[in-house]
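Working notes, beginning with the structure itself.
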Amino acid sequence: MIEAHGLTKRYGATVAVDNLSFEVKPGKVTGFLGPNGAGKSTTMRMILGLDTPTAGSVTIDGTRYRDLHRPLTKVGALLDAKWVHPNRSARAHLAWMAASNKLPKSSVDRVLEIVGLTEVAGKRAGTYSLGMSQRLGIAGALLGDPEVLLFDEPVNGLDPEGIVWIRTFMHRLAAEGRTVLVSSHLLSEMALTAEDLVVIGRGRLISQSTTQEFVDRASGTTVKVRTPQLDQLASVLHQQQLVTRIEDAEGEGKVLFVEGDLTTDQIGEAAAAHGIVLHELTMQRGSLEQAFMQMTGDSVQYHAHDEIAAVTHLDVPSNTEVAAGPKEDN
Amino acid sequence: MSASTATAPAARNSSSYGGLAVINVERIKLFTTRSPWWCMVVAAVLTIGLSALATGFLNSEEEKQATIFITQGGAQFSQMVMMVMAALAVTTEYRFGTIRTSFQAVPQRAQMLLGKTVVVGLLAALVGLIAAFGAWFIGTLFAGSADLAIDTEAEWRLLAGRAIIFFLSAVIAVAVGILIRQSAGAIAILILWPLLVENLFNLIPKVGDDMARWSPFQNGGSFLNQGNDGGFAGPVGDASNYAMGPWWALLYFAAWAAGLMAIALFSASKRDA
Ligand SMILES: Nc1ncnc2c1ncn2[C@@H]1O[C@H](COP(=O)(O)OP(=O)(O)O)[C@@H](O)[C@H]1O
Ligand SMILES: [Mg+2]
């Protein structure tokens with residue numbers, strides 16, 4: 001289990017990771033999702049004790065990485081497949097890693113076999129294709145037979161065959177009871193790979209939930225309503241068993257969001273029946289990727305204006321887990 | 001965990017890795033790429049080859065005056081080569097990102113870097129020893145009429161002491177590599193400092209001479225050279241060139257190496273990898 005508490009990392013003026021808290025549980029693949037520059041790699045470097053957090057902490061089963069002894073037997077990681085000496089053979093690369101944690105020589109052969117590099121293990125790593133380098137990186141991660149595995153964008157640049165191989169591999173590792181954290185900037189990829197999702201944007205937590213919940217939430221329809229008689233309309237809609245949410249939208253004042261499968265007709269008619277004036281009635285429906293872009297894009301805006309009130313409808317305040325359904329009046 | 005990735009048996013034997021593990025690691029790292037081999041061969045051949053050149057073409061008058069000191073002219077260049085190798089052992093890890101894998105495998109960074117220092121330092125010492133005695137041996141072959149017997153304390157110091165100076169120079173090179181993290185910059189410093197900067201001190205009026213006398217590599221040289229006979233090349237400096245006696249000079253040089261290494265280890269442990 002990986003636990004992050006208020007994890008923060010600043011590089012000069014750049015806030016790469018901002019008060020991030022999340023949990024990664026064993027036995028399933030957890031996706032770490034966010035656009036490029038969201039702070040995924042930085043977070044992973046902090047998990048591995050490579051970068052020191054400016055504030056907060058992250059532990060593996062309650063221990064900070066830097067306090068682990070023979071850490072490769074506890075945590076395996078592939079952050080960058082290019083982190084090998086190009087003139088050293090794959091076998092030699094794994095041999096020094098094994099020696100560092102007093103792992104037997106046989107562990108090198110074992111992981112080479114698992115990733116299918118046995119035949120080419122004597123070749124210089126610099127001659128490897130990206131797919132092969134990626135496999136070598138995974139072999140290094142598996143060397144100490146660790147319970148916890150981290151992979152940073154493992155499918156980047158891979159051909160479809162390689163992507164399927166990695167995806168299947170992640171599932172197998174999780175099925176063996178390991179804790180697997182995989183980062184990606186592609187929601188479509190994560191929807192296929194991960195059971196749980198930790199979503200970040202601009203270093204902040206956007207949501208932590210199951211992938212199913214996130215996908216439902218991200219791709220569900222929402223109707224946006226602006227009306228001077230907000231509370232009145234909300235109570236009318238509640239009587240019709242509709243779920244609503246009121247939020248402050250920037251420059252628009254309070255806005256009512258109605259969630260679930262419904263039509264604008266239904267709301268328009270309900271308003272008319274009670275003599276409620278409507279200023280705006282819009283259906284909001286997007287593709288999965290669009291919704292994701294919007295969510296993470298919102299968090300960019302959120303930072304730019306530094307206005308907590310500006311959280312738009314799909315954005316969720318940090319440090320709160322997204323509940324199974326949409327929130328009611330808040 | 002399932003059978004597919006069965007647990008590693010030896011993993012349970014010890015709960016912490018001692019000094020030997022990191023030394024083993026660095027030994028594997030160093031000898032599984034080719035450039036360290038080249039550096040070592042070049043370094044040894046340089047001193048020995050220059051000794052052959054220095055002693056092989058002497059007229060009979062000069063040959064009689066040849067001394068052990070005359071055979072050692074190339075050692076400074078060999079030392080440069082070994083320092084470059086030592087610095088590269090660190091900077092290539094930064095260049096290729098393997099330093100992160102190293103720190104991931106051994107989060108006790110100082111321990112890992114000290115392992116590297118010991119391995120690189122001992123190799124440099126070995127090369128220094130081979131170079132010094134090899135060059136002396138070539139001298140005895142090419143300048144047979146000269147008295148090249150090793151019979152004074154200063155002569156033993158000049159030959160065997162080379163190993164210590166190579167070791168300490170490698171320590172300094174590893175420290176600079178850790179601090180600079182970049183090959184070209186580290187190598188430039190390591191070559192310009194002993195060859196140029198320490199000699200340019202002499203040009204500074206008043207304090208320049210003192211600065212030169214108290215600079216680290218001058219004292220490394222002073223440890224080796226004091227009391228030796230330059231033969232036909234003239235005297236090997238006089239007392240005014242040296243700030244202190246040979247063994248104090250060695251201690252002084254060692255203190256520089258230890259100080260730089262301490263700063264480097266502290267810095268590497270604190271900063272982001
Ligand atoms: N070592 C560093 N120095 C300065 N800025 C950095 C450093 N590492 C990352 N950043 C910045 O932190 C932010 C997050 O980067 P990163 O963690 O690489 O994001 P991701 O992996 O999600 O694409 C980016 O704005 C990036 O430019
Ligand atoms: Mg990244």
Side-chain angles (χ1 to χ4, degrees), chain A residues 9 11 42 45-46 48-52 64-73 75-77 79-80 82-89 91-93 95-107 110-111 114 124-126 137 140-147 172-173 175-178, chain B residues 1-18 20-38 88-89 91-112 115-116 119 268-273:
Chain A
K9 182 67 183 180
Y11 297 106
T42 303
R45 285 199 304 273
M46 288 194 282
L48 295 171
L50 294 172
D51 283 23
T52 313
R64 284 183 318 157
Y65 190 91
R66 277 203 175 198
D67 296 330
L68 291 174
H69 281 282
R70 300 170 67 244
L72 299 186
T73 62
V75 184
L79 293 203
D80 190 331
K82 287 188 215 77
W83 289 351
V84 286
H85 194 302
N87 293 335
R88 195 176 279 137
S89 71
R91 186 181 294 282
H93 176 75
W96 77 252
M97 286 182 73
S100 71
N101 277 234
K102 291 192 170 163
L103 302 169
K105 287 211 171 81
S106 60
S107 62
R110 180 180 60 87
V111 295
I114 292 173
R124 296 188 303 123
L142 296 176
L143 203 55
D145 195 24
E147 294 152 43
R172 199 177 104 195
L173 292 169
E176 290 170 5
R178 298 172 210 261
Chain B
M1 315 268 153
S2 93
S4 67
T5 50
T7 48
R12 278 174 232 105
N13 292 345
S14 59
S15 59
S16 74
Y17 36 87
L20 274 180
V22 286
I23 284 172
N24 203 15
V25 168
E26 296 305 326
R27 181 186 60 78
I28 298 173
K29 274 186 197 163
L30 209 59
F31 290 121
T32 49
T33 59
R34 279 201 210 103
S35 56
W37 288 107
W38 282 113
L88 285 178
T91 53
T92 53
E93 285 225 38
Y94 278 99
R95 163 147 181 237
F96 295 121
T98 52
I99 194 76
R100 295 210 172 98
T101 318
S102 295
F103 288 160
Q104 191 190 316
V106 185
Q108 296 75 11
R109 296 180 185 181
Q111 203 179 340
M112 195 232 116
K116 191 186 283 293
V119 171
S269 301
K270 287 281 165 257
R271 73 191 170 202
D272 293 337

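Each chain gets a letter, A, B and so on, in the order the sequences are listed, and its residues count up from 1. Bear in mind that the values here come from a model prediction, so they are computed numbers and not experimental data. Atoms considered below: every heavy atom in the structure, side chains included; atoms not considered: hydrogens, waters and symmetry mates.
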>> I need the B/L30 CG to A/W96 CH2 distance, nearest 0.5 Å.
In response: 13.5 Å
> Considering all heavy atoms of both residues, which atom of A/S100 and which atom of B/A105 are nearest to each other, and what is their separation?
Replying inline: OG-CB, 3.3 Å
> Side chain, backbone, both or neither: which part of A/A77 has an atom under 4.5 Å from a heavy atom of chain B?
Replying inline: both
> Which residues satisfy the side chain to side chain contact (heavy atoms under 4.5 Å, CB included) test with A/T42, sequence neighbours excluded?
Replying inline: A/K9, A/Y11, A/A16, A/V17, A/R45, A/M46
>> Tell me whether A/N87 contacts the main-chain N or O of B/R34 through its side chain, where contact means a donor paired with an acceptor under 3.5 Å.
In response: no
> Does any donor atom in the side chain of A/R88 or B/T33 lie under 3.5 Å from an acceptor atom in the other side chain?
Replying inline: no
> Can you say whether B/S102 sits under 4.5 Å from chain A via the side chain, the backbone, both, or neither, judging by heavy atoms?
Replying inline: both
> Side chain, backbone, both or neither: which part of A/L50 has a non-hydrogen atom closer than 4.5 Å to chain B?
Replying inline: both
> What part of A/D51 gets closer than 4.5 Å to chain B, counting heavy atoms only: side chain, backbone, both or neither?
Replying inline: both
> So do the side chains of B/N24 and A/K102 get within less than 4.5 Å of each other, counting heavy atoms only?
Replying inline: no
> What pairs with B/S269 under side chain to side chain contact (heavy atoms under 4.5 Å, CB included), at least two apart in sequence or on another chain?
Replying inline: B/R109, B/A110
> Are side-chain heavy atoms of A/R66 and B/Q108 found at a separation under 4.5 Å?
Replying inline: no
>> Just so I know, are the side chains of B/T101 and A/M97 near enough to count as touching, which here means a heavy-atom distance under 4.5 Å?
In response: yes
> When rounded to the nearest 0.5 angstrom, what is the spacing between NE2 in A/H93 and CD1 in B/I28?
Replying inline: 12.0 Å
>> Within a 6.0 Å radius of atom CZ on B/R271, are there more than 12 heavy atoms belonging to other residues, nucleotides or ligands?
In response: yes
> Counting N and O atoms only, with roles assigned by atom type, does the side chain of B/D272 sit under 3.5 Å from a partner on the main chain of A/T52, one being a donor and the other an acceptor?
Replying inline: yes
> Is the backbone of B/Q104 close enough, under 3.5 Å, to the side chain of A/Y65 for a donor and an acceptor to pair up by distance?
Replying inline: yes
